[in-house]
Each structure stands twice: as structure tokens, then as C-alpha cells.
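Read the structure below first, then the notes.
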2 protein chains.
Amino acid sequence: MADVTVSVLPDRVPAKPDPCAGSAEPAWDIIELLFFAYRDFVDDADDVLARYGFGRAHHRVLHFVCRHPGMKVADLLDILRITKQSLGRVLKQLIDQEFVEQKAGANDRRQRLLFVTAKGEALAMKLAGLQTARIERSLEELGVGSHDAARRFLLAMINPESRDGVLRLMARADRIRGART
Amino acid sequence: MADVTVSVLPDRVPAKPDPCAGSAEPAWDIIELLFFAYRDFVDDADDVLARYGFGRAHHRVLHFVCRHPGMKVADLLDILRITKQSLGRVLKQLIDQEFVEQKAGANDRRQRLLFVTAKGEALAMKLAGLQTARIERSLEELGVGSHDAARRFLLAMINPESRDGVLRLMARADRIRGART
DNA sequence: GAAATATGTCAATATGGCTGACGTAACTGT
DNA sequence: ACAGTTACGTCAGCCATATTGACATATTTC
């Protein structure tokens with residue numbers, strides 16, 4: 001494997017074949033930074049969620065319903081990669097407490113299309129705001145072009161076969177939410 | 001760059017013409033890409049872990065013990081931010097099954113310094129190898145300089161007051177492990 | 001009318017967090 | 001030497017979130 005990844009960094013040299021790894025020395029730095037960064041990132045929302053008696057599962061559902069209004073339950077299951085039983089419990093709480101509401105699909109009335117209520121949107125936006133504050137602080141520190149670089153890096157880390165779906169999902173969300181404002 | 005004092009502020013913001021806008025538009029793209037990227041990233045190890053009857057908690061412990069040999073239990077608790085009871089359960093399994101071993105500290109014999117066994121190192125390296133494959137594939141796609149860019153982005157996403165500690169931890173690990181090979 | 005689809009629900013189980021309380025060995029300081 | 005603190009372990013129980021398997025209901029499709 002040609003080392004296209006010329007180490008611009010001072011410390012780590014590509015070591016000789018290691019006992020049990022693939023061929024290369026593990027990318028310890030990225031592995032650990034990703035752990036710490038994600039830990040702090042999801043932490044932002046926890047305090048607020050706790051005030052509502054919610055957990056991260058509620059956040060994930062609320063986020064995707066807010067961002068992709070009218071999505072089907074099946075879509076949500078695909079995205080979150082959990083079972084409908086797991087989703088059901090969390091979704092039921094969000095619906096009972098009127099953060100999310102369901103409407104029968106116009107074409108296919110078996111479908112329960114999901115929407116956030118005003119209350120749900122307020123909470124979703126509050127949580128997104130907290131996370132956005134962290135992101136913007138980071139990107140400002142890093143300067144021009146860092147937003148694109150971060151996007152490209154994160155996208156490249158996604159399974160190749162999933163990337164188109166993710167991009168389509170995000171583009172569609174931008175259309176829908178953009179049209180409302 | 002405009003000041004982005006996002007909704008860290010009040011619960012109910014009065015008179016908002018646009019229900020969907022905080023003061024700034026959320027960074028939906030980074031929020032969602034981070035979710036999908038991290039989901040796929042941690043997924044890499046799950047199949048292997050399942051074959052040993054382990055979960056992600058075991059992976060985290062094994063990773064940090066492998067990478068930072070001789071670390072104290074208290075250090076691990078700080079890093080993982082879990083209680084000693086939660087750690088205890090997982091750690092006990094790893095020790096009983098001889099993936100990890102404890103040695104009394106030389107200076108302070110109350111301390112139980114943690115080390116991976118050969119078996120533990122093999123598993124840790126296998127898991128790190130899987131994640132490294134994903135990382136290297138991404139960085140190769142993105143070209144020269146992307147490794148540094150990713151590092152900087154992830155570091156900037158970490159709580160500022162934690163960054164020094166993270167960097168010191170990583171530098172120390174490089175020294176220790178680097179000395180062995 | 002039969003089959004497939006979208007969703008909901010019941011029951012049981014596992015993992016991985018949590019709190020509180022208590023125990024023990026070992027270090028530290030007067 | 002003794003008291004207090006520290007590092008760690010453990011018992012008991014609780015909670016959140018995930019799992020599988022089976023089954024129910026409404027609706028669409030062929």
C-alpha cells in the first residue's frame with residue numbers, strides 16, 4: 001500500500017509490521033480524538049434533556065423528526081438502526097408528552113408520518129443550538145475552509161454505500177426546511 | 001464572524017417570527033455527519049467484540065489499557081467518565097478472562113496498575129486495525145494534509161479545558177509504546 | 001380474496017450506566 | 001502511633017436503552 005498519507009506530523013513514523021494489526025500502525029490519534037470529541041459533543045445536550053426526563057434516545061428521535069418532518073417510522077428505524085420496539089417506547093413518550101405528533105400518510109394511510117409540535121421544535125432547536133455553539137467555536141478557531149474540511153472528513157468516514165443516502169437525506173431536509181422560512 | 005450566542009439563553013424566546021431559527025441556523029450538516037460517521041466508526045468493532053461476548057464498554061477499557069499501559073484505575077475512571085461500579089463490572093470480566101492484568105504500583109502499593117496481556121493486546125490491536133482501516137481509507141481519499149486537518153478539527157471539538165490533558169495523555173502513550181517497539 | 005406492507009404491542013432479556021453504603025489496604029501527617 | 005485520607009473493591013438495587021420473537025391491525029396491492 002503506497003503511503004499516500006505522508007505524515008505531515010512530527011511524531012509518528014510508520015512502524016514496521018506490528019504483531020496483530022492490519023498492516024499499518026493504528027491511527028491512535030484519530031481514534032482517541034474521535035472518542036473525546038464525540039463524548040463532549042453529545043454531552044452538551046444531556047443537562048437539558050435531563051430536565052425533561054429524556055435521554056439521548058429521545059434526542060436522536062426528536063432531532064431527526066425536527067430536521068426531516070413528515071418522515072415515516074420506517075425511515076427513522078433505518079437511520080437509527082434500532083428495532084421498532086426500542087423506537088416505540090421512546091417515540092410513545094415523545095408523542096404522549098406532545099413533542100411529536102403523527103399524521104396518516106396522504107397516499108398510503110398505513111404510514112404514520114412524524115412531525116414535531118411547536119414544543120418539540122423548540123426543544124430540538126435548543127439542543128441543536130448547544131451543539132452548534134461548539135461546532136462554530138471550533139470552526140472559527142480553525143479558520144476559513146475548516147467547515148468544508150470537516151464535512152469532507154466526516155463524510156469520508158461514513159460507509160461508502162451509505163454516503164449517497166446520507167447526502168440525499170440532508171439535501172431533502174434542506175429543501176423542506178428551507179422552503180418553510 | 002458574527003457573534004453567535006445561540007440558544008444557551010432563555011427557555012422561551014419571545015416574538016420569534018421564524019419558529020425554526022435560533023439566533024443562528026444550526027450546523028445541521030456537521031451534527032448529522034458526526035452522528036453517521038461515529039455510528040459507522042464504532043460499528044466496525046462490534047462483530048469482533050460479539051465473538052468474545054464483549055460490548056463497547058469492554059472495547060473502551062481494553063483500548064485505553066492497551067494504549068496507556070500501567071494506567072491506574074482512577075485514570076481510567078476519569079477518561080471514561082463512568083463510576084467505579086460500572087467500570088468494575090467490565091474490568092472484572094476482562095481480568096477474569098485474562099485480557100487485562102493488574103500489578104500493584106511500585107511507589108504506592110494501593111494502586112492497581114493496569115496492563116493488557118498478550119491476548120488482550122492482540123484483541124485491542126485487531127479492533128484498532130479495523131478502525132484504522134476506515135480512517136486511512138478516508139484520509140487517502142481526502143489527500144495530503146487531511147490527517148492534520150482532521151486532528152485539528154477533532155481537537156477543537158473537545159472542551160478547551162480538557163485539551164491539554166488529552167494531548168498530554170496521547171504524547172505520553174506515544175513515548176511509552178514507541179519505546180517498546 | 002389473498003398476500004404483502006406499515007405499524008403497533010406484549011413479554012422476556014441483556015448491557016451498561018447510576019446511587020448509596022460499606023470494607024480494606026496503604027499512604028500521610030502530626 | 002494513631003487518625004485521616006486515598007485507592008480500590010464490592011454488595012444491592014435501580015434505570016435507560018437496546019435486543020428477539022410472536023402476534024395484532026389496518027391498508028394497499030395483485
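Computed over heavy atoms, backbone and side chain alike; hydrogens, waters and symmetry mates excluded. Below, read A as the first sequence line, B as the second, and so on, with proteins coming before strands; counting in each chain starts at 1.
Of the charged side-chain nitrogens involved, at least one lies within less than 4.0 Å of a carboxylate oxygen, so that R67(B) and D174(B) count as a salt-bridged pair.
At the heavy-atom level, K72(A) lies under 4.0 Å from the strands shown only through sugar-phosphate atoms. Q102(A) comes within 4.0 angstrom of sugar-phosphate atoms only, judged by non-hydrogen atoms across all strands, and of no base. When heavy atoms are screened at a 4.0 angstrom cut-off, D75(A) is found touching no nucleic acid atom at all. G88(B) comes within 4.0 angstrom of nothing in the nucleic acid, heavy atoms only.
Interface residues of residues 32-49 of chain B facing DNA chain C, ordered by number: none; criterion, heavy-atom separation under 4.0 Å.
Of the residues near DNA chain D, V90(A) and N107(A), the one whose nearest nucleotide (by heavy atom distance) lies more toward the 5' end is V90(A). Along DNA chain D, the nucleotide closest to G53(A) and the one closest to T83(A) are compared, and the more 5′ of them pairs with G53(A).
Inspection of the H147(A) and D29(B) side chains reveals an N or O donor paired with an N or O acceptor under 3.5 Å.
Residue pairs meeting the salt bridge (charged side-chain N to carboxylate O under 4.0 Å, His left out) criterion with at least one partner in residues 152-167 of chain B, sequence neighbours excluded, are E141(A)-R163(B).
Checking side-chain atoms of R134(A) against main-chain N and O of M157(B) turns up a donor-acceptor pair under 3.5 Å.
Per the geometry, CD belonging to Q85(A) stands 8 Å off P belonging to dT19(D), to the nearest Å. Taking atom NZ of residue K103(A) and atom P of nucleotide dT7(C), one finds them 16 Å apart after rounding to whole Å. Taking atom CG of L87(B) as the reference point, atom C1' of dC18(C) lies 14 Å away to the nearest angstrom. With rounding to whole Å, Q111(B) atom CD is found 14 Å from dT28(C) atom C1'.
Taking the six-membered ring for Trp and thresholds of 30 and 60 degrees, F41(B) and Y38(B) have ring planes inclined between 30 and 60 degrees apart.
The base of dA18(D) sits with one of its N or O atoms less than 3.5 Å from a complementary donor or acceptor on the side chain of R89(A).
Taking the side chain of D108(A) as heavy atoms from C-beta on, and the options dT19(D), dT28(D), dC27(C), the nearest nucleotide is dT28(D). Listed nucleotides dT17(D), dT7(C), dC8(D) differ in distance to A74(B); the shortest reach to its side chain belongs to dC8(D).
Partners of I95(B) under the side chain to side chain contact (heavy atoms under 4.5 Å, CB included) rule, at least two apart in sequence or in another chain, are L91(B), V100(B), Q102(B).
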